[in-house]
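Below is one structure, written out as C-alpha cells; comments come after it.
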2 protein chains.
Amino acid sequence: MATVKDVAKLAGVGSGTVSRYISGTGSVSRKSAEKIARAIEQLNYRPNSMARSLSSRRSDLIGVWVPSLEGPYYHMMIRTIESALRLHGKHMILANAEDAQSNEDRLAHLDYLINRDCDGILISSSLQSEFELATYAEKFPNLVVINHHTDELAGRSFSIDHDLGGRLAARHLLELGHTRVATITGRLSAQDARQRHHAFLDEMAKLGHPVPPKRIIEGAFSYAGGEQAVAALLATDADYSAVFCGNDKVAMVLIAELHKRGISVPGDVSVIGYDDVEFTPFTAPALSTIHAPIEEMSQSACHQLLNLTYGLDLPYQEHFEPSLSVRQSTGPYSS
Amino acid sequence: MATVKDVAKLAGVGSGTVSRYISGTGSVSRKSAEKIARAIEQLNYRPNSMARSLSSRRSDLIGVWVPSLEGPYYHMMIRTIESALRLHGKHMILANAEDAQSNEDRLAHLDYLINRDCDGILISSSLQSEFELATYAEKFPNLVVINHHTDELAGRSFSIDHDLGGRLAARHLLELGHTRVATITGRLSAQDARQRHHAFLDEMAKLGHPVPPKRIIEGAFSYAGGEQAVAALLATDADYSAVFCGNDKVAMVLIAELHKRGISVPGDVSVIGYDDVEFTPFTAPALSTIHAPIEEMSQSACHQLLNLTYGLDLPYQEHFEPSLSVRQSTGPYSS
DNA sequence: TTCAAAAATGGAACCGATCCCACTTTTGGA
DNA sequence: TCCAAAAGTGGGATCGGTTCCATTTTTGAA
C-alpha cells in the first residue's frame with residue numbers, strides 16, 4: 001500500500017503538502033494540487049486511518065450505548081444515528097448492554113466504548129442512574145444523552161416531554177368516554193416510563209377519574225415483560241374499557257392476546273400505545289398511540305454531539321413534544 | 001494519559017516487556033508481571049487503541065454492510081453480530097446502504113467501511129450482484145457473506161435453504177386444503193426472495209395446483225412496498241383462500257389490511273409469512289411463518305469471519321434449514 | 001556440578017499519518 | 001518598481017504502541 005511519502009515523492013512535493021492537500025486544511029497551490037491528485041490516482045493511494053488517528057488524536061469514531069436492541073424503538077434510533085454520522089464521515093460503534101446482568105456489567109459496556117478511544121459518546125439512557133451519568137459526563141465532555149433530561153447535563157441531554165405524552169393519552173381516552181381505564185407501565189425505575197405513567201394517572205385523577213391500583217400493572221418494555229404484564233392484567237377481575245400501554249410493544253402484545261380471547265379492539269376494549277414505532281400502522285387494528293419524535297430527537301443528539309466533538313455548527317433542539325396519533329385501536333365507549 | 005514508557009519506567013522493566021505482558025503473547029516472569037500490574041494500576045494506564053492498531057496493523061474493527069435497517073430482520077442480525085463480536089473484543093462498524101440510490105452508491109458504502117481499515121467485512125447480501133461480490137471477495141480475503149450462497153465463496157458464504165422454505169409453505173397450505181393460493185414476493189432480483197418464490201410455485205405445481213400469474217404479485221420487502229403489493233392484490237378479482245407472503249413484514253401489512261376490510265384471518269383467508277422475526281407471535285392473529293434461523297446463521301458467519309481474520313477456531317456452519325412454524329394465521333380451508 | 005536449551009529481557013526501529021516551524025515564493029497596494 | 005503581508009513549502013519530530021533481535025538469566029537433565 002502506498003503512503004504519503006510515496007505520493008509526495010511521485011508528485012515531487014513534500015509530505016506536508018500532501019497532508020494539507022488531503023485534509024483540505026492549509027494552503028496548497030493549484031499546481032501542487034494537480035500533481036498530487038495525479039499521484040494519488042496513479043498509486044491508488046488511500047490514507048491509513050489508524051496512522052491518521054494516532055497523529056491527529058481523533059478517531060472519527062462515535063460510541064453508541066443502548067440498554068437493549070429488542071424491538072423497533074432502539075432500532076429506529078440506531079438507524080437515524082448511523083445515517084447522521086455517516087453523512088459527516090464518522091463511524092458508529094455500538095455497545096448493547098442487553099445481556100448485562102448487573103449495573104457494574106452495564107458500565108463495563110460503556111468502558112468497552114471508551115477504551116476504544118471514541119471521540120464522542122451517545123448514551124441512550126433511561127436506565128443508568130443520574131449519578132452515574134453525571135460522573136461519566138464529567139470525565140467525558142463529549143458525551144450526550146438521549147431520552148433523559150437532567151439540568152446538570154444542560155445542552156447535552158435530549159428529551160421528549162413524556163409528562164405531556166401521558167396526559168394526552170389520558171385525555172384521549174376520557175374524550176372517548178372511557179372512565180374506567182387500566183394501564184400497563186414500563187419499569188418505573190426508568191425516567192421516561194415513570195414520567196408518562198405518573199402524568200397519565202395524574203391527569204386521569206385531575207379530570208375526575210382516578211385509576212385504582214388494581215387496574216395498574218407494572219410491567220416492562222420488552223416483549224416477554226409485556227406478555228407477563230398482559231397475562232397479569234387479564235387475570236384480574238378489574239373492570240375497564242380501555243388500556244394505556246407504556247409502549248407500543250406492550251400494546252401490540254395486548255392486542256394479540258385480546259384477539260386470541262375473542263375480545264374486540266376497540267369494540268370491547270380500546271388500546272393506546274406510546275412511541276409510535278415503525279409497526280404501529282400495521283397492527284390489527286392499527287394502533288392509536290402517542291407519537292414520540294424519536295428520530296428527530298436522535299438526530300438532534302447526534303448533531304449536538306458532532307458540534308461538541310468536532311466544532312461543527314449543526315442545528316439541534318433539546319426538547320421535543322409528543323403528539324396524539326389516532327388510528328383504529330381506540331374508539332368511543334359503548335356500555 | 002500514561003503510556004507504555006511510563007509504565008515501564010515505574011515498573012523498572014523495558015517497554016517490550018510491558019507490551020508482552022499486556023498482549024499476553026511472549027513470556028514475562030512472574031516478578032515482572034507483578035511489578036507491571038502494580039504500575040498499570042497506579043497510573044491507571046489504558047493502552048491507546050490507535051497506536052496499537054497502527055503498529056500491529058490490525059484495527060479490531062469489523063465492518064458490517066446491510067442493504068437496509070427497516071424492520072426487525074436486519075436488526076436481529078445486527079444484534080447477534082454485535083454480541084458475538086463484543087465477546088471477542090472486536091468492534092462493529094455499520095454501513096446501511098438503505099439510502100443508496102444507485103448500485104454505485106451502494107458500493108460507496110462498502111468503501112466507507114474498507115477505508116476505515118476494518119480487519120474483516122461482513123456483507124448481508126441478497127442485493128449485490130454475484131459478480132460484484134466475487135470482485136470484492138477477491139480483493140478482500142476477510143470478507144464473508146450472510147444469506148447468499150455462491151460456490152466461489154465456499155467457506156465464506158452462509159445461507160438458508162430457501163428452496164426448502166418455499167416448499168414447506170406450499171405444503172402447509174395444501175395440507176390445510178388451500179388449492180387456490182396467492183403470493184406476494186420480494187424483489188426477484190434478490191437471491192433469497194427468488195429462491196423461496198420459485199420453490200413455492202414449483203411445489204404448488206408439482207402437487208397439482210399451479211398458481212396462475214394473476215395471483216402472483218411481485219412486491220418488495222419493505223413496509224411501503226408491502227402496502228403497495230397488498231393493495232394490488234386486493235384490487236384484483238383473483239379468487240384465493242390463502243396467501244404466502246415473501247416475508248413477515250409484508251404478511252403483517254396484509255393481515256392489518258384484511259382486518260380493516262373485515263376479512264377474517266384465517267377464517268376467510270389464511271396468511272403465512274417468512275423469516276419468523278421478533279414480532280410474529282404478536283400479530284393478531286399470531287403469524288404462521290417459515291422459521292429462518294437468522295440468528296444462528298449470523299453467528300456462524302461471525303465466527304467464521306473471526307476465524308479467517310484472527311486465526312481463531314470457532315465452530316460454524318454454512319448451511320441452515322428453515323422449518324415450519326404454525327401459529328394462528330393459517331387454518332383449514334372452508335368453502 | 002555442568003551446560004545446552006528455553007525463558008525472559010531491554011530498547012531501537014518502525015507503523016503512516018499530522019503538525020509545526022523556519023523558509024521561500026507570490027501577491028497587490030502605494 | 002518596491003516591499004510588507006499572505007500564501008505556499010519541505011521535512012523532521014511526534015503520536016504510542018508492537019516487534020524484532022541480540023543478549024542475559026533461568027531451568028533441568030545428564
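Everything numeric in this text was worked out from a predicted model, so none of it was measured. The basis for the numbers below is simple: all heavy atoms, side chains too, and nothing from hydrogens, waters or symmetry mates. Residue numbering restarts at 1 for every chain, and letters A, B, ... go by the order of the sequence lines.
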Residues within residues 36-55 of chain A bordering DNA chain D, heavy-atom distance below 4.0 Å: A:Leu54, A:Ser55
Between B:Glu318 and B:Arg156, is a salt bridge (Lys or Arg N to Asp or Glu O under 4.0 Å) present by the stated rule, with each step listed? CA-CA 8 Å; B:Glu318 278 187 72; B:Arg156 303 206 268 151; over 6 Å; no
What about the rings of A:Tyr112 and B:His91, do their centers lie closer together than 6.0 Å? yes
Working for salt bridge (Lys or Arg N to Asp or Glu O under 4.0 Å), residues B:Arg58 and B:Asp119: CA-CA 6 Å; B:Arg58 65 145 72 171; B:Asp119 293 340; 5.1 Å; no
Flag, side chain of B:Glu98 to backbone of B:Leu69, donor-acceptor distance under 3.5 Å: yes
Below the 4.0 Å mark, does D:dT9 have OP1 or OP2 next to a side-chain nitrogen or oxygen of A:Ser29? yes
Within the distance-only criterion (no hydrogens, no angle test), does the side chain of A:Asp117 pair as donor or acceptor with the backbone N or O of B:Ser49 below 3.5 angstrom? yes
Does any residue of residues 5-21 of chain A have a heavy atom under 4.0 Å from DNA chain D, and if so, which ones, in number order? A:Gly12, A:Val13, A:Gly14, A:Ser15, A:Gly16, A:Thr17, A:Arg20
Side chains of A:His149 and A:Asn147: is there a donor and an acceptor less than 3.5 Å apart? no
Measure the distance from CZ on B:Arg30 to P on D:dT27 and round it to the nearest whole Å. 12 Å
Do you know the tightest heavy-atom contact between B:Leu305 and B:Leu143? CD1-N, 4.3 Å
If the threshold is 4.0 Å, N to carboxylate O, is there a salt bridge linking A:Lys90 and A:Glu82? no
Give one of base, sugar-phosphate or nothing for B:Val4, where a contact means two heavy atoms less than 4.0 Å apart. base
Kindly indicate, with the supporting measurements, whether the criterion side-chain contact (heavy atoms from CB on, under 4.5 Å) is fulfilled by A:Val28 and A:Val13. CA-CA 11 Å; A:Val28 174; A:Val13 301; over 6 Å; no
Between which nucleotides of DNA chain C, 5' to 3', does chain A make heavy-atom contacts below 4.0 Å? C:dG16 to C:dC19
Evaluate B:Asp99 against A:Arg86 for salt bridge (Lys or Arg N to Asp or Glu O under 4.0 Å), listing each step before the verdict. CA-CA 11 Å; B:Asp99 53 5; A:Arg86 181 157 37 77; 3.4 Å; yes
Students often get this wrong, so: under 4.0 angstrom with heavy atoms, is A:Ser32 touching a base, only sugar-phosphate, or nothing? sugar-phosphate
